[in-house]
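Down below is the structure, laid out as structure tokens.
All values derive from a computational prediction rather than experimental measurement.
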Amino acid sequence: MDQRRNRPTHRICRFLLISVLVAAGIGEGHAEQEDAALLATAIDQEIEARLSREGVPAAALSDDAEFVRRIHLDLHGAVPPLSEVKDFLADGGKDKRARLVDTLLAEERYGRYLADLWQGYLISPLADDQEKRADRFRQWLADQFNTKTWDAIVTELLTATGRMEDNPAVTYLIEGRLPRTVPDLTDLTSRYVLGIRLNCAQCHDHPFVNWKQEEFWGMAAFFTQIQTPKRAKQVYEKGVVDDPTLTLATLNEAGAPDGFVLRPPTFLGGTELPPASRATAHRVSLARWITVPENPYFARAAVNRTWWRLFGRGLVQPVDDMHEANAPSHPELLDLLARRFTESGYDLKFLTRAIVLSRAYQRTGQSGEADERQAALFGAMSVKVLSAGQLYDSLESITGPAAKVMGIEGRQQGPRWEFTQFFGEAGDPDPLAYRRGVPHLLRQMNSGQFTGRNLGELVSRLSMGADPSPEAIASDLFLTILSRPPRADELPQIQAHLDRSGTAADGLRELAWVLLMTSEFSLNH
């Protein structure tokens with residue numbers, strides 16, 4: 001079945017428009033940029049209409065320093081390099097924000113950052129070689145996000161076969177040396193691909209939402225063919241394969257999963273897998289159903305999660321609990337974005353470009369005592385907490401490679417793995433909630449991984465610039481760490497600190513440490 005043959009008529013019209021533009025010498029890339037800019041305008045019309053109805057003012061746009069830091073963190077997962085901050089602040093072009101967005105989306109680091117996020121969502125922690133698996137899976141995902149559309153990525157994940165060494169996509173399907181259980185795969189797929197919490201119906205009908213137990217097990221039946229009851233070594237030796245003789249009844253005989261209900265493979269909505277399709281691997285049929293334009297969940301879930309990642313809150317909250325009783329804050333906007341995302345061929349870069357080009361995304365997050373409704377209605381940018389990965393990668397970008405530390409059992413683990421294990425949270429941590437405590441702050445302050453080393457080298461590196469004066473280096477430290485120059489009220493404090501320091505190098509090194517310890521550095525605003 002061709003997953004794209006049922007694209008809406010608008011998709012065909014858009015193709016014809018692009019063909020005309022290419023023939024005219026404009027090019028498809030430019031046409032897609034123009035299309036994203038038009039969608040950004042539509043986003044703002046929806047957001048500002050709601051703000052007007054509610055009587056909530058919109059915050060001012062962010063200044064260039066705030067924007068360049070935010071867009072690098074959101075698209076590349078780390079603060080921008082000093083040279084790029086200086087170039088962007090010095091650029092007088094009116095379209096420089098759009099040009100920067102296009103540059104960041106085109107670079108490989110964009111895919112690497114999304115891969116880092118998604119391997120955290122999807123990979124099982126129940127494996128002795130978790131770090132190795134995560135690294136292999138992350139590299140595969142990075143290439144996918146840089147070159148493939150979302151429907152293609154999801155299809156690869158759901159239908160993967162073979163051994164992890166040959167096909168990293170099967171990592172999603174494996175837990176330790178066994179296939180993930182059908183309840184786990186049903187839960188993960190429904191949450192991260194469809195945006196719904198179907199697992200609440202595993203043992204009983206959902207008490208608050210119209211999800212039935214039989215719907216959970218109808219979806220679970222699609223994953224039975226890769227299970228290995230009484231064949232524990234099969235995945236280890238042969239990899240993931242589809243066995244058409246395996247059903248939920250087979251698994252029940254081997255030991256009933258919690259809440260077990262015997263159901264044939266059944267799509268959400270009650271349509272059973274047609275008999276003519278049962279000769280095809282069930283996972284293939286599931287992937288086809290999920291990624292067709294008519295699917296009521298797929299595009300909306302991707303739009304809502306992308307919006308959540310960029311704004312810190314989704315159009316539907318929580319991000320993975322989309323249902324009829326949990327209305328979007330902007331229903332027309334969600335419908336519009338889902339439709340345009342589908343028409344684009346599920347192009348995540350197109351969707352991301354449109355959102356970040358909007359005034360809504362580019363508003364300041366420094367609104368002082370802003371009404372909470374202003375952020376909730378996207379009239380101001382919410383302040384997000386840097387993830388463990390963003391924090392590590394920003395520190396490494398600023399100070400250089402981290403020192404390795406010994407694992408709890410004395411094993412030498414990679415420094416990034418150690419750091420993110422300590423600072424990270426499992427699942428979907430709330431980007432707006434700061435949950436790190438005293439142990440995290442003490443480690444950030446005292447650990448030799450970053451702040452106890454390389455600060456002198458950072459100061460020495462900056463002193464080799466065009467202006468080696470302590471004042472110029474101090475300004476560069478602000479641009480390097482906070483992506484902004486020091487404010488007028490900070491200049492006297494900086495000078496007083498340098499005057500009372502033993503040497504200029506000592507004072508600058510201490511200033512760098514202080515800036516790294518500020519909440520401003522640990523937040524994305």
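Listed by chain and residue number, Arg484, Arg487 satisfy the salt bridge (charged side-chain N to carboxylate O under 4.0 Å, His left out) test with Glu490 (two or more places apart in sequence, or in another chain). For His330, the ring-ring contact (aromatic ring centres under 6.0 Å, His included) partners are Phe378, not counting sequence neighbours. Applying the side-chain hydrogen bond (donor to acceptor under 3.5 Å, both in side chains) test to Thr503 and every residue at least two apart in sequence or in another chain returns Asp506. Residues passing the ring-ring contact (aromatic ring centres under 6.0 Å, His included) test with Phe521: none are found, sequence neighbours excluded. Every residue two or more places apart in sequence or in another chain was checked for a ring-ring contact (aromatic ring centres under 6.0 Å, His included) with Phe67, and none qualifies.
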Taking it one step at a time, do Tyr110 and Leu348 satisfy side chain to side chain contact (heavy atoms under 4.5 Å, CB included)? CA-CA 11 Å; Tyr110 162 79; Leu348 285 171; 4.1 Å; yes
Stepwise side chain to side chain contact (heavy atoms under 4.5 Å, CB included) check, Glu107 with Thr103: CA-CA 6 Å; Glu107 292 178 359; Thr103 297; 3.4 Å; yes
Salt bridge (charged side-chain N to carboxylate O under 4.0 Å, His left out) for Asp74 and Arg309? Distances and angles first, verdict last. CA-CA 8 Å; Asp74 285 343; Arg309 182 176 67 79; 5.6 Å; no
Determine whether Val193 and Leu157 satisfy the following criterion, side chain to side chain contact (heavy atoms under 4.5 Å, CB included), listing intermediate values before the conclusion. CA-CA 11 Å; Val193 177; Leu157 288 170; over 6 Å; no
Before giving the answer on side chain to side chain contact (heavy atoms under 4.5 Å, CB included), spell out for Arg69 and His525 the whole-Å C-alpha distance, their side-chain angles and the decisive distance to 0.1 Å. CA-CA 9 Å; Arg69 185 176 189 272; His525 43 75; 4.2 Å; yes
Under the salt bridge (charged side-chain N to carboxylate O under 4.0 Å, His left out) criterion, do Arg416 and Asp393 qualify, and how do the steps go? CA-CA 8 Å; Arg416 191 180 192 276; Asp393 292 340; 3.0 Å; yes
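In terms of heavy-atom proximity, Lys96 sits nearest to Phe88 at NZ-O, 2.8 Å. Annotation for Arg133 and Ile174: closest pair NH1-CG2, 3.6 Å, computed over non-hydrogen atoms. Glu510 and Ser501 make their closest contact through OE1-OG, 4.0 Å (heavy atoms, listed as atom of the first residue, atom of the second, distance). Contact detail for Asp187 and Ser190: the closest heavy-atom pair is O-OG, 2.9 Å. Nearest heavy atom pair, residue Gly93 against residue Arg99, reads CA-NH2, 4.0 Å. Between Leu75 and Leu104 the shortest heavy-atom distance is CD1-CB, 4.0 Å.
With contacts defined as side-chain heavy-atom distances shorter than 4.5 Å, the pair Leu462/Leu508 does not qualify. Using a 4.5 Å heavy-atom cutoff, the side chains of Phe298 and Thr342 are not in contact. Val383 is not listed as a side-chain neighbour of Leu432, based on a closest heavy-atom distance of 4.5 Å or more. Proximity of Glu457 to Thr399: side-chain heavy atoms (C-beta onward) are nowhere separated by under 4.5 Å. Residues Met381 and Glu66 have side chains not in contact (no heavy-atom distance under 4.5 Å, counting atoms from C-beta outward). Taking 4.5 Å as the limit, some side-chain heavy atom of Thr518 sits within range of a side-chain heavy atom of Leu482. Inter-residue side-chain proximity for Asn524 and Arg70 is flagged as met; some heavy-atom pair is nearer than 4.5 Å. Counting heavy atoms from C-beta on, the side chains of Leu194 and Ile290 come closer than 4.5 Å.
When atom types are taken as modelled, the side chain of Ser463 and the backbone of Pro468 share no donor-acceptor pair closer than 3.5 angstrom. No donor-acceptor distance shorter than 3.5 angstrom exists from the side chain of Arg180 to the backbone of Leu185, with no hydrogens or angles considered. Judged by distance alone, with hydrogens and angles left aside, the side-chain atoms of Gln390 form a donor-acceptor pair with the main-chain N or O of Leu73 at under 3.5 Å. With hydrogens and angles disregarded, no donor-acceptor distance shorter than 3.5 Å links the side chain of Ser329 to the backbone of Leu377. Side chain of Ser394 to backbone of Leu391: no donor-acceptor contact under 3.5 angstrom is found. Asn326 places no side-chain N or O within donor-acceptor distance of the main-chain N or O of Met322, the cut-off being under 3.5 Å. Proximity of a side-chain donor or acceptor of Glu471 to a complementary backbone N or O of Gln495 within less than 3.5 Å is not detected. Remark: the backbone N or O of Glu165 is not paired with any side-chain donor or acceptor of Arg136 at under 3.5 angstrom. With hydrogens and angles disregarded, no donor-acceptor distance shorter than 3.5 Å links the side chain of Asp320 to the backbone of Tyr192. A donor-acceptor pair is defined here as one N or O able to donate and one able to accept, closer than 3.5 Å; no such pair exists between the side chain of Asp44 and the backbone of Ser358.
Note: Arg112 CZ to Leu141 CG = 13.5 Å, rounded to the nearest 0.5 Å. With rounding to the nearest 0.5 angstrom, the CD1 atom of Ile196 is 10.5 Å from the OG1 atom of Thr189. Here the OG atom belonging to Ser522 is positioned 7.5 Å from the CE atom belonging to Met517, to the nearest 0.5 angstrom. Atoms CZ and CG, on Arg97 and Asp102 in that order, are 14.5 Å from each other to the nearest 0.5 Å. Atom CG in Leu386 sits 11.0 Å away from atom OG in Ser519 (nearest 0.5 Å). Of the inter-residue distances, the one linking Gln493 atom CD with Leu511 atom CG reads 10.5 Å to the nearest 0.5 angstrom.
Between Arg359 and Glu48, at least one side-chain nitrogen of the basic residue sits less than 4.0 Å from a carboxylate oxygen of the acidic one, meeting the salt-bridge criterion. Residues Asp430 and Arg313 are not paired through a salt bridge, judged by the lack of any N-O separation under 4.0 Å between the basic side chain and the carboxylate.
With Trp307 as the partner, the side chain to side chain contact (heavy atoms under 4.5 Å, CB included) test is satisfied by one option alone out of Val316, Leu333, Leu334: Leu333. In summary, of the residues considered (Phe341, Tyr346, Phe350, Trp118), a ring-ring contact (aromatic ring centres under 6.0 Å, His included) with Trp150 occurs for Trp118 alone.
Between the side chains of Tyr361 and Thr352, not a single donor N or O lies within less than 3.5 Å of an accepting N or O. With hydrogens and angles left out, the side-chain atoms of Gln139 and Asp135 include a donor and acceptor closer than 3.5 Å.
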Quick one: side chains of residues 472-481, donor-acceptor pairs under 3.5 Å with protein atoms, not counting sequence neighbours, listed by atom name and distance.
{"unit_1": "Asp476", "atom_1": "OD1", "unit_2": "Lys86", "atom_2": "NZ", "d": "3.0"}
{"unit_1": "Asp476", "atom_1": "OD2", "unit_2": "Lys86", "atom_2": "NZ", "d": "3.4"}
{"unit_1": "Thr480", "atom_1": "OG1", "unit_2": "Asp476", "atom_2": "O", "d": "2.7"}

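Around atom CD of Glu108, no more than 12 heavy atoms belonging to other residues, nucleotides or ligands sit under 6.0 Å away.
Aromatic ring orientation, Phe137 versus Trp140: parallel (interplanar angle below 30°, classes split at 30° and 60°).
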